[in-house]
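Heavy atoms only: backbone and side chains are in, while hydrogens, waters and symmetry mates are out. Read the numbers this way: they start at 1 and go in the same order the structure lists the ligands and their atoms.
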Amino acid sequence: MEVKRVVLATANEGKIREIKMMLADLPLSIMTVKDFPEFPGVEEDGEDFFANAYKKARAVAEFTSLPAIADDSGLVVPALGGWPGVKSARFAGERATDGENIEKLLELMKDLPEGERKAYFTCVVVYCEPAGKYESFTGKWEGLIIREERGKGGFGYDPIFFVPALGRTAAELAPEEKNKYSHRGQALKALKEHLSKSLKFVESGRSAAW
Ligand code: ITT
């Protein structure tokens with residue numbers, strides 16, 4: 001089977017690892033924006049996750065003339081009015097590290113009782129072809145924000161995101177396990193079904209999208 005190229009419109013290593021693992025068994029050659037150092041980047045000024053994901057996927061597909069996959073995701077804490085939300089990556093500042101973002105969130109939540117520590121991760125994945133045709137896929141993962149970090153896996157807010165049904169934080173899950181339950185895993189599962197169908201379609205010689 002011919003291998004098709006796609007470009008991941010993300011520079012986040014944690015996302016890249018998880019997306020590559022989820023799509024590993026498709027006949028795809030997966031590149032990232034890092035393979036296009038002259039790509040100027042995208043300002044993430046959208047009002048919601050979809051707007052940012054679409055903007056990233058569209059810009060990379062146009063720039064590279066290849067199909068692109070973007071992920072916009074974040075942690076939503078209803079007791080904080082939805083924060084950090086679309087600002088999750090830069091919650092503690094423009095170049096904030098995961099540790100600084102966690103520290104800021106824990107400080108803001110320090111007086112919140114257990115009943116108000118519910119949170120969820122959300123993810124919108126957009127797949128966009130160079131001509132502009134696109135599809136989007138979503139996922140949501142519910143949990144609780146605990147008071148101290150637990151676990152070394154994953155990235156971002158994973159060490160403080162506790163999943164009651166699993167009895168562990170997202171950072172205590174093996175990578176395959178995180179992909180099985182996570183917001184990103186759910187969105188990518190739907191993308192994968194979509195891509196599997198399109199790849200079969202291409203194999204039968206009826207589409208020029210790739
Ligand atoms: P790109 O725009 O290059 O994809 P980014 O990190 O700036 O990378 P986002 O704007 O989508 O991406 O921000 C997502 C942030 O939400 C991410 O940096 C984490 O802080 C948090 N996040 C998203 N998914 C997560 C996950 O699975 N585990 C932990 N934190 C996550």
Task: Protein residues having a heavy atom less than 4.0 Å from any atom of ligand 1 - done: Thr10, Ala11, Asn12, Lys15, Glu44, Lys56, Asp71, Asp72, Ser73, Gly74, Ser88, Ala89, Arg90, Phe121, Phe155, Gly156, Tyr157, Asp158, Lys178, His183, Arg184
Open item on the list: So that I can tick it off, tell me whether Arg90 and Glu44 are bridged by a salt bridge, with the cut-off set at under 4.0 angstrom between side-chain N and carboxylate O.
Closed with: yes
- [ ] Could you tell me whether Glu13 and Lys15 make a salt bridge, using a distance below 4.0 angstrom between a side-chain N and a carboxylate O?
- [x] no
Task: Pairs satisfying side chain to side chain donor-acceptor pair (under 3.5 Å), at least one member in residues 112-122, at least two apart - done: Glu114-Arg147
TODO: Go through Phe121 and Asp158 one step at a time and tell me if the side-chain contact (heavy atoms from CB on, under 4.5 Å) criterion holds.
DONE: CA-CA 10 Å; Phe121 277 124; Asp158 281 345; 3.8 Å; yes
Open item on the list: Which residue is it: Asp45, Asp72, Asp71? I am looking for the one with a salt bridge (charged side-chain N to carboxylate O under 4.0 Å, His left out) to Lys56.
Closed with: Asp72
Open item on the list: For Glu176, is there any backbone N or O sitting under 3.5 Å from a side-chain donor or acceptor partner on Asn179?
Closed with: no
